[in-house]
Amino acid sequence: MTVRVRFSPAPTGYLHVGGARSALFNWLYARHTGGTFVLRIEDTDTDRSSDHLIEAIYDSMRWLGLDWDEEYRQTDRAEQHLAFANDLLATGRAYRCDCTRDLIDARIAERGDAANSGYDGYCRDRDVAAGDGVVVRFRTPDEGITGWDDIVRGRVEFDNAVLEDFIIVRSNGTPMFHVANAFDDADMGITHVVRGEDLVNTTPRVLLLREALGYPDPPVYAHLPLIVNEKRQKLSKRRDDVAVGDYRANGYLPEAMRNYLITLGWGPRDGEEIAPIERFVEQFELSDINNSPAFFDVKKLQHFNGEYIRALPIERFVELTADLRPQAVPLDLYERMAPFVQARLVRLSAEEIEPLVSWIVGPPLEPSDKDWKKVMGKAGVADVLRTVAARLETVEWTPEALEACVFGVGEELETKTQLPVRMAVTGARTGMPLFEPMAELDRAEAIDRINSALARVEG
RNA sequence: GCCCCGUUCGUCUAGCGGCCUAGGACGCUGGCUUCUCAUGCCAGUAGCACGGGUUCAAAUCCCGUACGGGGUGCCA
């Protein structure tokens with residue numbers, strides 16, 4: 001049997017990390033088995049879906065390197081879904097209903113039976129005619145059990161009696177999710193359904209619909225554990241910052257994102273968490289997915305990102321970050337500094353690059369009082385600065401000579417000299433190696449900065 | 001309320017009855033490398049939710065309890 005899996009996002013929002021993980025696991029399984037990865041846009045909710053969002057989903061998937069083999073849009077297939085629903089109507093497995101939500105709620109209140117708050121089957125035998133405000137509901141069996149063997153969760157069963165008669169065609173005539181989903185999975189020959197656990201309770205409905213239409217072999221289901229926030233709740237587009245596009249914009253590499261996502265709910269057998277995607281394709285098995293929710297840990301993502309940044313060939317690093325450098329930094333200067341920058345970034349962001357290099361072409365950074373005191377408050381700093389400033393007048397202006405000069409002063413005065421010089425020249429106590437970028441400064445400018453610092457120290 | 005599900009270091013995972021004095025990774029702490037920071041390397045820290053069974057043997061199987069989550073739409 002050839003594996004056919006599908007990722008079926010509803011284009012009602014941007015692709016978020018949960019959806020991306022579902023897409024990724026489907027993709028991994030398809031590539032692992034040599035099967036087919038189908039992308040099916042579930043845009044049956046036309047009010048909330050948009051072409052713009054569909055494009056954004058394509059974009060995020062391509063960014064992550066998740067290529068698909070076939071592509072469908074459910075709205076293109078609405079006629080078939082409707083025909084499917086009509087079959088059910090014709091065979092009495094579905095019926096029309098004109099109850100409004102208010103009416104249903106009123107009956108529930110009247111019954112005083114909060115335990116059974118779903119639809120009560122009021123219209124089952126009323127023989128409602130087609131018309132305004134009329135929907136089609138599926139007649140769920142009153143007894144029996146609907147269940148399946150989930151690869152991740154094991155046997156899952158629902159008592160049919162608790163399944164209410166759900167709507168399959170809206171009053172505006174458009175088919176709903178369950179019917180579209182059931183028909184398409186059958187029609188497209190989907191063999192494995194890999195999706196989030198939040199869809200578990202729609203599964204018995206889809207299974208019942210398939211059965212009602214006589215499709216024999218349901219696909220194998222694998223419901224993925226949810227990705228949760230620090231409060232252990234399902235990630236929400238509103239509450240949490242989770243759009244894949246945002247991570248892209250914030251300087252995460254797609255390889256890092258993809259690699260990190262793989263570790264959520266699955267672990268490679270060989271324990272190598274950071275590895276080329278091919279290694280994961282080789283090892284990926286649905287049966288190895290674990291079944292408890294995973295917290296999306298940005299700290300660990302950042303670690304992965306740092307690893308991938310440092311692994312970048314330097315030319316590629318420059319290519320990716322050149323536009324993020326401060327405007328005033330010439331490209332050739334940036335290229336010379338790039339190796340030092342690369343080793344220090346967690347994200348490819350202007351925010352992180354700026355303080356590293358801006359002082360070479362602009363004024364020194366402005367240190368906090370605390371940092372200033374920590375470095376400049378030490379005894380002997382004035383002597384160091386004075387001596388270094390004097391020697392800088394004549395020293396050869398190369399990184400090597402600068403280093404020899406500054407360290408030489410240290411030996412003579414029996415103290416460490418880099419930190420005060422660094423603070424004077426860059427305005428920070430941390431950053432790139434000092435002497436390479438310092439050699440890019442004008443001699444006079446460098447001496448000037450040290451003298452200003454000296455003045456401030458002697459206050 | 002009702003239905004479904006989950007529970008191994010703070011976090012992500014390995015573990016499928018003896019290889020477990022529970023392994024790895026992130027984080028954190030300390031050390032080495034280094035006259036900054038970062039990297040790299042080394043070390044330390046910390047966990048089988050609880051209670052009963054089953055078994056010669058349980059993190060692993062069973063049953064309860066507690067806690068947590070998902071769903072309960074003319075969303076998907």
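Residue numbers begin at 1 in each chain, while the letters A, B, ... track the order of the sequences. Computation of the quantities below employed the complete heavy-atom set of this structure, encompassing side-chain atoms and omitting hydrogens, waters and symmetry-equivalent molecules.
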Revision key, fill the gap. Residue pair A:Asp159/A:Thr415 against RNA chain B: nearer the 5' end by closest nucleotide is A:Asp159
Point to revise | A:Arg456 to A:Trp372, cation-pi by 6.0 Å centre distance and 45° axis angle | key: yes
Exercise for review: Name the pairing partner of B:C67, where a pair is Watson-Crick or G-U wobble with both distances under 3.5 Å, or state none.
Suggested key: B:G6
Point to revise | Pairwise C1' distance, B:U54 and B:G64 [rounded to whole Å] | key: 15 Å
**Study point:** Below 4.0 Å: OP1/OP2 of B:G40 and any side-chain N or O of A:Arg310
**Key:** yes
Exercise for review: With A:Arg77 as the cation and A:Phe183 as the aromatic partner, state whether NZ or CZ is under 6.0 Å from the six-membered ring centre and within 45° of the axis.
Suggested key: no
Exercise for review: Mind checking A:Phe407 for me? I need base, sugar-phosphate or nothing, with any heavy atom below 4.0 Å counting as a touch.
Suggested key: base
Review point. Taking only N and O in the side chain of A:Asn229, is any of them less than 4.0 Å away from OP1 or OP2 of B:G69?
Key: no
Check your understanding: Does OP1 or OP2 of B:A76 have a side-chain N or O of A:Thr44 closer than 4.0 Å?
Key -> yes
**Study point:** Nucleotide forming a Watson-Crick or wobble pair with B:U11, both distances under 3.5 Å
**Key:** B:A25
Review point. When you check the phosphate oxygens OP1 and OP2 of B:G70, does a side-chain N or O of A:Arg153 lie under 4.0 Å from one of them?
Key: no
Review point. Does NZ or CZ of A:Arg205 fall inside the cone over A:Phe138's six-membered ring, less than 6.0 Å from its centre and within 45° of the axis?
Key: no
Review point. Are the ring of A:Phe177 and the six-membered base ring of B:C75 within the stacking cut-offs of under 5.5 Å and under 30°?
Key: no
Review point. Within the structure shown, what part of the strands sits under 4.0 Å from A:Leu345 by heavy-atom distance: base, sugar-phosphate, or nothing?
Key: nothing
**Study point:** hbond_proxy A:Ser171 side chain to B:C74 base (donor-acceptor, 3.5 Å cutoff)
**Key:** yes
Exercise for review: Select from A:Arg155 and A:Leu434 the residue whose nearest nucleotide in RNA chain B is closer to the 5' end of that strand.
Suggested key: A:Arg155
Check your understanding: What is the nucleic acid contact for A:Val135, judged by heavy atoms within less than 4.0 Å: base, sugar-phosphate only, or nothing?
Key -> base
Exercise for review: Tell me whether the OP1 or OP2 atom of B:C75 has a side-chain N or O from A:Arg170 closer than 4.0 Å.
Suggested key: yes
Point to revise | Any strand: nucleotide that pairs with B:U55 via Watson-Crick or wobble, under 3.5 Å | key: none
Exercise for review: Check if the side chain of A:Glu272 and the base of B:G24 share a donor-acceptor pair of N or O atoms closer than 3.5 Å.
Suggested key: no
Exercise for review: Answer with yes or no whether A:Lys299 presents, from its side chain, a donor or acceptor under 3.5 Å of a partner atom in the base of B:C26.
Suggested key: no
Point to revise | Salt-bridge criterion met for A:Arg210 and A:Asp185 (N-O under 4.0 Å) | key: no
Exercise for review: With P as the reference atom in both, quote the distance from B:G24 to B:C42 in angstrom, rounded to an integer.
Suggested key: 12 Å
Exercise for review: Say whether, by atom type as modelled, one donor and one acceptor occur between the side chain of A:Glu366 and the main chain of A:Gly427 under 3.5 angstrom.
Suggested key: no
**Study point:** Presence of A:Arg205 side-chain N/O under 4.0 Å of B:A76 phosphate oxygens OP1/OP2
**Key:** no
Exercise for review: Describe the nucleic acid contact of A:Pro225 in one word from base, sugar-phosphate, nothing, applying a heavy-atom distance below 4.0 Å.
Suggested key: nothing
